[in-house]
Structure formats: structure tokens, C-alpha cells
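Comments concern the structure below.
These numbers come from a predicted model, not from an experiment. For the numbers below, each heavy atom of this structure counts, side chains included, while hydrogens, waters and symmetry mates do not. Whatever order the structure lists them in is the order used to number ligands and atoms, beginning at 1.
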Amino acid sequence: MSFENITLEEKQQALDDLRQVKTLFAERNWFPGTSGNLSIRVGEFQEDEFHFAVTASGKDKSVSTPQDFLFVDQNGQACEATTLKPSAETLIHCEIYRLTGCGAVFHVHTVYNNLISEWLGQSGVVKAQGIELIKAFNIWEENAEISIPVIPNYAHIPSIAAEVPGVLNPAVPGILLQNHGICAWGKNAFEAKRHLEAFEFIFEYLYRGLLLNNVPKR
Ligand SMILES: CSCCC(=O)C(=O)COP(=O)(O)O
Ligand SMILES: [Zn+2]
């Protein structure tokens, strides 16, 4: 499906949804220092042709302006004439869409996701077990364990994107970038937000659990 054939209503809905999520996450201080990026896919999905709205690079994501988003294709190229630059990390979003066909990808930097990727992710995965919020990933078995992949934080973004196919865990809708942040996704913005919130709860739980390590359970 070409970008021109996607309805204006669908494009506007994606922009409205992105703005709402951006405002909410900014209120949580999830975009410190212009970090983070968000995207929502529009139109039909084919592995070799899809389109999404993405945050423009380097913006203060705690303010709302008419220049916050642009539409790009499966290669991260702008679909319309614009002076805006897509997020520097757009290629990671492209790769996640290509592999999963998902509807939204959200990336945030938090102290918890940075510390956990660094302290518990040296093996290439962060494991979490028996935490109720794992059910937010639609994993319902008792005492379930998940492995969240961790990719080295290469300065060269295409090198990060190239690692995604080798590490993506279809059961776990997120990938950590070491000492950088997390990308979480879902079939739509609602699900991507739920997944991201669950990851952040798990990271805070693991962090606080490390601090309690020497305190016996009673
Ligand atoms: C100051 S944060 C460094 C870049 C980054 O990791 C990020 O998430 C924001 O980059 P963008 O180009 O999307 O603004
Ligand atoms: Zn980032």
C-alpha cells in the first residue's frame, strides 16, 4: 500500500495518539534531556512496505509543537517533503516493525532500565521470574520466567538495528539497549504502553530487589 493511499483520518489518528502518549510519558519524566522516541504505524503492513509516524529528532519531548512528528517508510525515509529529521533511532523502529508487524514502538530512557541492563544484562539477557506484571505480556503460567534481550549500545545505530533479528524474543515485546534505554512494542499504542509500563515496573522491582539482597525474607 502506498503512503498516498492511507486515509488522512488514519494518519491524523496516529498523530493524535502519539501526541497523547508523548504528553503522558513526559509527565513521568520518561524523556529526560530530549531522549526517547515514539512511533505508530499506519496503513497495511507488508514486510517490505510499511509506514509509520515517528517523533522528530532532538526535540524537547515535554513540549508540544506542530513540528513534533513526521511520517517515514520501512527504510526510515520521510514520506513527505519536510525539514524535520526522523528520530536518530528510527532504523531500530523499522527493524522491529519489519520483524513483528506490530502497530507501535515506544523507546524511553529511565534510570531503572539503564541500571538493570548494565548490572543484570552482561550475559545478553535480563531474566525476570515470578513477578505479577509478567502477565501484562500475556504470559499467564505460574512463576513464569522471561528473558529480555540486551543489545550493546553501539554509537552506530545501523549496527544496533542489525542485532535486532538475532535477539528478538517473540514472547517478550521489548529489547534493552545496554545503559541506554528500552524499546517496547505492541499491536497498537494501548498495548505498547501497557508493555512498556510492565517492563519499567519489572526493572524497578529488580533494582529494589538487588538492594534488598542481604535482607532475609520473614
Ligand atoms: C540525548 S538522548 C541521545 C539520543 C537517544 O538515545 C534518543 O533516544 C533520542 O534521539 P532522537 O533522535 O529520537 O531525539
Ligand atoms: Zn535512545
What protein heavy atom sits nearest atom 10 (O) of ligand 1, and how far away is it? Asn37 ND2, 3.8 Å

Sub-3.5 Å N/O-N/O distance, Pro86 and ligand 1: no

Return yes or no for this condition: an N or O of Ser57 is under 3.5 Å from an N or O of ligand 1. yes

Please state which protein non-hydrogen atom is closest to atom 5 (C) of ligand 1 and give its distance, to 0.1 Å? Glu89 OE2, 3.1 Å

Any N or O of Lys59 that comes nearer than 3.5 Å to an N or O of ligand 1? no

Cut-off under 2.8 Å, centre the Zn ion (ligand 2), protein N/O/S atoms: Glu89 OE1, His107 NE2, His109 NE2, His180 NE2

For Thr55 and ligand 1, answer yes if some heavy atom of the residue is under 4.0 Å from a ligand atom, otherwise no. no

Closest non-hydrogen protein atom to atom 3 (C) of ligand 1, residue and atom name please, with distance? His109 CE1, 4.5 Å

Ignoring hydrogens, what is the shortest heavy-atom contact between Gly181 and Asn113? Give both atom names and the distance. CA-OD1, 3.3 Å

Classify the ring geometry of Phe52 against His93: parallel below 30°, tilted from 30° to 60°, perpendicular beyond 60°. parallel

When you look for heavy atoms under 4.0 Å from ligand 1, do you find them on the side chain of Lys61, its backbone, both, or neither? side chain

Looking at Pro165 and Arg98, what are the two nearest heavy atoms and their distance? CG-NH2, 4.1 Å

Which protein non-hydrogen atom lies closest to atom 1 (C) of ligand 1, naming both residue and atom, and how far is it? Gly33 O, 3.3 Å

Is Lys85 close enough to touch ligand 1? Criterion: a residue heavy atom under 4.0 Å from a ligand atom. no

